[in-house]
Structures are given as structure tokens and as C-alpha cells.
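Just below is one structure, and these are the notes that go with it.
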Amino acid sequence: MNQTVPPATTLPCTPVSATPSSRPRHLRNAIPPAARHVRGWRYFAGLFGGEHIAATEFVIGVTFVTMGVGTRELLLGLLIGNMLAVASWMLVTTPIAVETRRSLFSYLEQITGPWFSKLYNSAILLFYGALAAAMITVSAYAVRFAFGLPVQLHAYPTSVAFVVITLALSAVVIVVAARGFEAMANFATICAPWMLACFICGGAVALPLLALQANGHTGLGGLSGFLDTADATIWKGTTPEGKPGISVWEVAAFAWANGAMVHLGLIDMATFRFAHRKWYGAFSGIGMFLGHYVGWLSAGLMGAGAAVVVGSSLLVLDSADVAFATLGYVGVLAVICAGWTTANACLYRAGLAASALMPSMPRGRATAIIGVLIAVAACFPFVAQSVMPLTVYGAILLCPVGAIVIAEHYLLPRLGLTRYWSRYLGQSMNYAALLVWGVALAFAATMVVTGWMSFYYIFLPEYLIALALYPLVAARMGARDTWPKDEARQAEREAVLQRFEEKRLAEHEEDQEEDPSNEHTARLAKWLLFGAGAVLAIMIAMAVRLALYAGDPALLGTMRQDYFLTAVALTFTYFLMALAAMRATDAPEG
């Protein structure tokens with residue numbers, strides 16, 4: 001669920017004339033670097049496809065099963081929630097990112113001042129640090145499984161060897177995030193399609209087991225048969241304790257809240273400031289419906305199937321047990337890769353936040369210091385067990401700041417108030433923003449403590465409270481005043497950027513920069529990528545064939561073991577071809 005944007009110097013330049021150096025000082029940086037380095041739609045399609053297929057999907061998909069959601073409630077709730085998430089990226093995040101061509105962190109400092117930004121970076125550090133720790137723990141589960149160590153079911157570690165494994169994995173993650181993130185990001189991009197294939201294959205392989213348990217035979221009998229089997233063995237509508245499960249609206253709210261900190265909370269301004277057009281937020285749907293929808297459903301199938309294979313409750317299995325029971329050692333490798341790649345991205349973001357808080361310290365050192373604290377937290381399994389509520393807490397913590405930025409950018413001018421008023425006052429802290437954020441968090445805390453509102457809904461009224469309250473508080477604290485000279489200079493800057501954008505769009509109407517790598521990618525690399533994709537297609541096709549034509553229940557075990565061996569060979573082939581393609585793509589020309 002995490003990405004970073006490459007520095008502007010690595011992006012292809014748009015051939016539009018630069019700002020003349022002879023312009024007045026206040027206009028010399030009127031065109032942000034991102035405006036000169038836009039990306040076409042394929043970049044965002046690939047980015048979201050890779051970011052939202054991660055280790056969190058293993059945990060969340062299985063958690064839905066234990067929360068007692070019904071099959072139809074899950075299918076409909078995920079559809080609604082993911083559509084709302086895509087709409088948020090399209091209608092909230094991308095428009096403001098394209099209009100300003102700035103990251104949230106840069107724009108927030110202009111609106112709220114450096115001290116508020118430090119508080120916000122502290123919140124970012126807290127959230128992504130906790131998520132990084134959880135993902136390291138998930139990878140440690142898989143390595144723990146390979147060494148035959150006991151399952152870690154308590155909030156604290158019960159095995160010294162598990163602690164040693166976790167600390168060793170943490171050390172690798174810290175080194176990579178501090179020094180070699182770009183290489184790891186490339187590896188994560190290769191892993192993402194394979195991990196999606198593993199989700200699909202694991203779910204497919206689990207289906208005959210579930211059908212056999214529910215119906216006494218391995219056949220599903222079409223969609224109605226699948227729904228009946230799912231109702232009986234997976235998403236039963238009740239928790240393991242027999243209590244009613246969560247509703248369709250709670251499922252939808254969670255699916256929406258899961259990424260709310262980056263879309264409603266505007267963190268993904270950092271990504272979409274490079275978008276060629278405002279509607280590119282639509283490509284978030286690739287991550288939402290492949291990673292979240294398909295990934296969560298498949299993980300639920302895998303979890304229920306693993307419980308059948310092991311003969312134990314899903315509550316006593318961790319992600320490695322689930323993956324091994326349904327996909328063998330390929331599944332264990334998928335858990336390790338998913339946890340590792342996600343932890344690296346999260347630690348990288350946490351390190352950026354830490355370096356902003358400690359500007360005198362190099363980013364690598366700041367990342368390493370935070371990494372040590374994260375490594376200690378990762379040794380406690382309760383962190384990974386809390387991933388699902390953690391993502392909702394992230395939305396509750398960070399979304400109000402996005403609402404404040406939206407209110408400043410869009411609502412203040414429409415209400416006759418002055419945008420950037422706090423900056424014109426020379427404030428290092430926008431106290432209106434601080435007060436509104438505090439009120440929103442107080443509302444959320446009240447709802448959590450009293451239980452007056454479902455935990456999954458809290459972020460939405462909290463967001464609306466911040467959106468409505470900020471203009472009122474800002475008006476009383478100075479936004480009614482005017483600063484004609486400062487406002488005129490700001491208007492000139494915005495006009496320069498607008499003219500630049502209009503010229504760029506006129507020269508690039510058909511998105512000529514859609515795939516900048518095409519002209520540099522060797523023909524060999526294209527064939528290798530095609531072959532790697534074909535290998536994954538074969539892997540999925542064989543799993544689907546097993547699900548549909550399992551045949552004699554007595555042979556199901558043998559067929560599954562044969563598939564596990566085949567999946568190992570196909571996985572090995574895929575990584576050989578994908579890594580070779582990456583090397584060919586990165587090789588110097590001529």
C-alpha cells in the first residue's frame with residue numbers, strides 16, 4: 001500500500017520553454033519542478049498496480065474471515081468502498097496535485113507554517129513506522145515457519161529464535177531503506193505481478209478443499225455453488241465466537257478508509273503532482289480492484305482453505321501457515337517478499353519524515369535510527385495482528401489535515417477569505433489548523449471511547465468536521481484580512497504556472513510522454529517481459545484448472561502437491577525472465 005516518487009531529476013523533461021532568469025525574484029520558482037517532468041497514464045497504472053499488492057493484503061483478507069462478514073456483504077461492501085476510494089483519488093487528490101504541482105508536505109508548509117509541518121511529520125513517522133514494524137513481523141512469520149519455530153500467537157514474542165530472525169530481517173530492511181531503496185523499489189515492481197498471481201492461485205487451489213468440506217465433493221457448481229460454499233466455509237456471517245459479523249457498510253467504510261490517509265489525506269499529492277491530466281486518479285482503480293478486491297477475497301479463500309488442511313481454527317494460524325497450506329513453499333516466499341518490500345517502502349517514508357524533523361542529520365542516518373526502534377517493535381506480534389485497525393487509525397489521524405488543505409485551497413477563496421493568510425501574517429504555526437485538527441481528533445477519540453459510532457465510520461464525519469470548521473476558525477484568526485501586495489505576487493505566480501500548463505497541454509494533446517521508457521527499452525527486454533507475463537498466466541491457468549476439474553477427492557492431495565512443484569518451477573522461470581528484462585532495460589544504449 002506504499003510508494004515513493006522518483007526525484008524530479010530522473011523524470012523525462014517536457015519540451016516547454018523554461019522560466020527566463022530575468023523574471024522578478026518572486027516568479028523565478030513559479031513553475032514547480034514537477035510541472036516540467038510530467039508522466040503519462042501508463043506510469044500511474046503500473047505504480048498503483050504495484051503499490052497495493054502487498055503484505056497487508058494477506059493479513060486483511062484473513063481478518064475479514066475472522067470478523068464474521070457474510071459473503072454477499074463482503075462482495076458488495078468491497079465494491080462500494082473501493083469505488084469510493086477511486087472517486088476520492090479522482091475528485092480530491094489529483095485535481096489539487098495537478099493544479100499546484102506540489103507535494104502535500106511542501107504545500108502544507110506554505111499553508112500552516114513549519115511548526116505545524118513538524119507535528120504532521122511526527123504523525124507520518126508514527127503511522128508508517130508502525131506499519132513497517134508490522135510488515136517485518138509478517139516476513140518473520142514466514143522465516144519462522146521455514147525453521148519450524150512455534151507460531152507467535154501472543155502479543156509478545158515467545159521464542160528467542162523468532163526475535164533473532166526478526167532483528168536480522170530488520171537489519172536488512174534498514175540497510176536497504178537507508179542506502180539502496182531504488183534497487184529495492186525495482187525489485188518490488190517485479191514482485192507485484194507475481195504476488196497478485198500467488199493470491200489468485202492460492203485462492204483457486206483452496207476452492208476444491210472448501211467445496212469438499214461443505215458438499216462432500218470438489219465441484220463448485222457455478223456461481224451459486226461458490227456462494228453456497230463460501231457461506232458455509234469462509235464468510236459465514238458470524239464470528240468464530242458465534243456473534244454477528246460486521247455489516248456491508250462497515251466493509252465499505254473499511255475499504256474506503258484503508259487508503260484514506262493517502263487520498264482524502266492528500267499524501268498522494270506527491271505522486272499525482274507528476275500527472276499529465278487531472279483524471280489520472282482513475283488509475284488507482286487498478287490497485288483497488290486487483291490488490292484490494294481480488295487480493296482480499298483470495299486471502300480469505302486461502303485462510304479458510306488452510307484451516308481445512310491443517311485441521312485447526314484460523315485463529316491459531318499466521319500468514320506463513322496460510323500461505324504454505326495453500327501454495328507450498330511458493331506461498332512462504334510470497335509472504336517473505338510481500339512483507340519485505342512493503343516494510344522497505346514504509347521505513348523509507350518514515351525516514352523521510354524523521355529527516356524533516358531532524359534536518360541537520362543525513363536522511364540515511366535518520367532512517368537507521370528510526371529503523372532500530374521499528375526493529376524492536378517488530379519483535380512483538382501484536383503489531384502485525386493490529387494491521388487492520390492500524391490502517392483505520394491512520395485515516396483517523398491524517399485525514400483531517402487533508403480536509404484543512406482542501407478548505408484552504410478551494411473553500412477560502414469562494415467564501416471571500418484570503419488563501420495563505422497565515423503565511424502573509426508571517427506565522428510559523430497556523431493555530432487555526434492546529435485547533436481544527438485537535439477538535440477533529442477529539443471527536444474521533446470520543447467516538448472510539450464511547451462506541452457511539454462504528455470504528456470504521458469515524459474518519460468520514462471527522463473529515464467533514466475539519467472541512468467545515470477550518471474556514472470559520474481561519475476567518476476569526478485573520479483570513480478576513482487582505483494583503484494586496486502579497487496576493488498580487490501570488491496571483492502572478494499562479495498565472496505563470498497556468499500559462500505553462502496550457503502551453504504544455506497544447507503541445508502534448510495525445511500524451512506523447514505516456515511511456516518514456518519505450519524509446520529506451522530494448523526489443524529483448526520487451527520479449528522477456530512478455531515471456532514473464534506468459535509464465536504467470538500459465539501459473540494462474542493451472543490453478544484455475546485445478547479448482548474447476550479437481551475430480552476424484554482421493555486424488556486432490558496428489559494434484560495439489562504436483563501443482564506446488566510446478567508453481568516453484570514457474571516462479572523460478574518468472575524471476576529469471578523479469579530480472580533479465582530489468583537488466584536489459586537499464587543497460588546503456590549502443
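I396 has its side chain within reach of E462: a pair of non-hydrogen atoms, C-beta onward, lies under 4.5 Å apart. When side chains are defined from C-beta on, Y420 counts as touching I111, because their heavy atoms get closer than 4.5 Å. Residues L333 and W194 meet the side-chain proximity criterion, which asks for heavy atoms closer than 4.5 Å. Inter-residue side-chain proximity for L497 and R493 is flagged as unmet; no heavy-atom pair is nearer than 4.5 Å. Taking 4.5 Å as the limit, some side-chain heavy atom of V332 sits within range of a side-chain heavy atom of I336. Put simply, the side chain of C191 reaches to within 4.5 Å of the side chain of F575, judged on heavy atoms. Contact of the M477 side chain with the W421 side chain is registered, since non-hydrogen atoms from C-beta on lie closer than 4.5 Å. The side-chain heavy atoms of V392 and F459, taken from C-beta on, include no pair separated by under 4.5 Å.
One finds the CG atom of L119 at 12.5 Å from the CD1 atom of I124 (value rounded to the nearest 0.5 Å). Summarising the geometry, atom OG1 belonging to T367 is positioned 6.0 Å from atom CG belonging to L347; distances are rounded to the nearest 0.5 Å. Expressed to the nearest 0.5 Å, how far OG1 of T137 lies from CD1 of I374 amounts to 11.0 Å.
Annotation for Y431: atom OH does not count as buried by contact number, only 12 or fewer foreign heavy atoms lying within 6.0 Å. At most 12 heavy atoms of other shown residues, nucleotides or ligands fall within 6.0 angstrom of atom CD in Q498.
Under a 3.5 Å cut-off, the side chain of S103 and the backbone N or O of A270 do not form any donor-acceptor pair. Although no hydrogens or angles enter the test, the distance criterion places no donor-acceptor pair under 3.5 Å between the side chain of S88 and the main chain of L264. With hydrogens and angles disregarded, a donor-acceptor distance shorter than 3.5 Å links the side chain of T94 to the backbone of W89. Formation of a donor-acceptor pair under 3.5 Å by the N430 side chain with backbone atoms of F116 is not found in this model. When atom types are taken as modelled, the side chain of R101 and the backbone of R273 share a donor-acceptor pair closer than 3.5 angstrom.
Residues S139 and W340 come closest through the heavy atom pair OG-N, 3.0 Å. Taking each heavy atom of N258 and H292 in turn, the nearest pair found is OD1-CE1, 3.0 Å. In terms of heavy-atom proximity, T93 sits nearest to L266 at CA-CD2, 3.9 Å. Nearest approach of S422 to Q427, heavy atoms of both residues: OG-OE1, 2.6 Å. Taking all atoms of both residues into account, the shortest heavy-atom contact from V383 to A377 is CG2-O, 3.5 Å. In terms of heavy atoms, I267 sits closest to L398 at CD1-CD1, 3.9 Å.
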Apply side-chain hydrogen bond (donor to acceptor under 3.5 Å, both in side chains) to W483 and T418, showing your working.
CA-CA 8 Å; W483 294 264; T418 303; over 6 Å; no

task = Report the C-alpha distance between W296 and F199 in whole Å, list the side-chain angles of each, state the deciding distance to 0.1 Å, and finish with yes or no for side chain to side chain contact (heavy atoms under 4.5 Å, CB included).
result = CA-CA 9 Å; W296 290 347; F199 276 117; over 6 Å; no

- Between E487 and R419, is a salt bridge (charged side-chain N to carboxylate O under 4.0 Å, His left out) present by the stated rule, with each step listed? CA-CA 9 Å; E487 292 177 57; R419 187 192 289 168; over 6 Å; no

Quick one: do W256 and H263 satisfy side chain to side chain contact (heavy atoms under 4.5 Å, CB included)? Show the steps, please. CA-CA 10 Å; W256 193 8; H263 51 71; 3.6 Å; yes

Determine all donor-acceptor pairs shorter than 3.5 Å in which one atom belongs to a side chain in residues 169-176; sequence neighbours excluded.
residue: S170; atom: OG; partner: T166; partner atom: O; Å: 2.7

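Checked against Y107 for a side chain to side chain donor-acceptor pair (under 3.5 Å), the options H409, E408, R102 give a single hit: H409. In summary, of the residues considered (F127, F254, F455), a ring pair (Phe, Tyr, Trp, His ring centres under 6.0 Å) with Y393 occurs for F455 alone.
Ring orientation note: the planes of Y280 and H276 are tilted relative to one another, at an angle of 30° to 60°.
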